[in-house]
S.K.: 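I am attaching a structure below and will ask some questions about it afterwards.
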Amino acid sequence: MTEIAALEALKAECLQCQACPLAKTRTKVVFDDGNPNAPLVIIGEGPGENEDRTGVPFVGRAGKLLDRVLLENALSRRWVYICNTVKCRACDISEGRARNRAPLPAEMAACRPYLERQLALIRPVVILCLGGPAASTIIHKDFRMTQERGRWFTDSPFAPWVMASWHPAYVLRQGGEAYARTRAELVADIDQCRKKVIEIRQQGGLLARQVAQAEPVEESEPGLF
Ligand code: URA
């Protein structure tokens with residue numbers, strides 16, 4: 001079985017998951033989006049309301065900002081693979097209304113094997129963690145975003161090059177100067193990731209399937225990696 005076929009089988013398994021209580025309140029499991037052959041993987045926190053409804057990561061306001069900052073780096077979802085630390089929406093339901101909340105440590109622990117198996121099949125060259133939960137799951141558990149964002153970590157079992165940046169939802173919560181600064185930093189961090197993929201490609205460090213996906217399919221499309 002190819003890695004991509006194994007990823008499909010993992011997704012089918014994940015869609016049936018009952019490993020934690022989030023299975024009872026979810027509408028859809030949100031497994032992934034984008035290109036599984038991409039050398040760059042972006043990991044968010046977990047689905048919100050729109051993702052829970054559609055089964056697709058990053059489709060709400062934060063997702064729109066992610067698409068925009070990717071585009072500012074001449075990237076789209078065709079060039080990256082997107083997934084989350086937790087695959088089901090974490091929410092509390094009271095008086096018939098669901099309110100998003102951060103996933104609990106036990107929920108993150110229950111979901112972790114899916115993320116680890118997903119990354120083992122994709123074999124990314126670069127991982128960009130968006131927000132604290134993804135960074136503390138992938139980089140180290142005491143990760144401090146204010147001090148450690150935008151830095152390369154090269155000792156990860158999940159990819160040779162790993163970085164964390166602001167979560168787009170965090171950027172959206174900032175006002176004025178802080179919004180402009182965090183947004184610009186997110187754009188700059190994605191730029192670093194894109195340049196790292198190019199550097200590794202030039203060194204012959206990409207898998208054959210990752211090189212193949214990097215060829216533009218249309219004349220008008222720039223070769224990005
Ligand atoms: N925020 C995330 O971290 N992931 C999503 O899929 C959507 C919003």
Side-chain angles (χ1 to χ4, degrees), residues 7 10-11 14-15 17 20 22-23 25-36 38 40-71 75-92 98-112 114-119 122 124 126-139 141 143-145 148-150 158-159 162-174 179 182-183 185-187 189-190 193:
L7 187 71
L10 178 64
K11 179 173 181 174
C14 189
L15 295 189
C17 180
C20 85
L22 297 184
T25 50
R26 75 175 175 231
T27 309
K28 288 194 172 164
V29 174
V30 180
F31 188 75
D32 65 359
D33 196 26
N35 187 340
L40 171 57
V41 167
I42 296 177
I43 306 178
E45 177 177 327
E49 183 180 1
N50 294 297
E51 293 78 16
D52 177 66
R53 185 170 39 77
T54 57
V56 182
F58 283 103
V59 291
R61 276 186 76 222
K64 299 243 170 342
L65 177 56
L66 177 61
D67 285 337
R68 212 153 331 126
V69 291
L70 284 172
L71 199 61
L75 293 171
S76 70
R77 292 185 186 220
R78 197 168 89 66
W79 299 95
V80 300
Y81 179 82
I82 301 179
C83 60
N84 278 310
T85 310
V86 169
K87 312 291 191 239
C88 296
R89 182 188 185 192
C91 63
D92 291 322
R99 276 176 211 285
N100 288 347
R101 59 163 172 78
L104 301 173
E107 293 158 352
M108 290 175 54
C111 219
R112 190 182 168 100
Y114 288 113
L115 181 61
E116 290 191 358
R117 289 165 67 194
Q118 202 168 15
L119 294 173
I122 302 277
V126 176
I127 294 176
L128 178 64
C129 301
L130 296 179
S136 52
T137 298
I138 295 293
I139 300 176
K141 73 174 178 12
F143 191 89
R144 302 285 301 271
M145 193 58 77
E148 298 181 284
R149 70 138 273 285
F158 305 112
V162 181
M163 180 184 287
S165 191
W166 305 116
H167 193 290
Y170 175 82
V171 174
L172 287 170
R173 286 197 298 274
Q174 309 306 300
Y179 171 81
T182 52
R183 190 189 192 286
E185 286 171 345
L186 176 58
V187 171
D189 293 341
I190 295 172
C193 291

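These numbers come from the heavy atoms of this one structure, side chains and all, not from hydrogens, waters or symmetry mates. Counting convention: from 1, in listed order, for ligands and their atoms alike.
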S.K.: How would you list all residue pairs meeting salt bridge (Lys or Arg N to Asp or Glu O under 4.0 Å) that involve residues 50-64, not counting sequence neighbours?
M.R.: none

S.K.: Side chains of V69 and P168: does their closest heavy-atom pair fall under 4.5 Å?
M.R.: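 No, too far: nothing below the 4.5 Å cut-off.
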
S.K.: Residues around ligand 1, heavy atom under 4.0 Å from any ligand atom, sorted by chain and number. Can you pull those?
M.R.: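 Contacting ligand 1 under 4.0 Å are G44, E45, G46, E51, P57, F58, N84, H167.
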
S.K.: Report the residues that fulfil salt bridge (charged side-chain N to carboxylate O under 4.0 Å, His left out) with R117, sequence neighbours left out, ordered by chain and then residue number.
M.R.: E13

S.K.: My understanding is that only residues two or more places apart in sequence, or in another chain, count here; which of them pass side-chain contact (heavy atoms from CB on, under 4.5 Å) with D33?
M.R.: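 D33: side-chain contact (heavy atoms from CB on, under 4.5 Å) contacts with V56, P57, R77.
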
S.K.: Under 4.0 Å between a side-chain nitrogen and a carboxylate oxygen: does that hold for R101 and E107?
M.R.: yes

S.K.: When rounded to the nearest 0.5 angstrom, what distance separates CG in L7 from CZ in F31?
M.R.: 5.0 Å

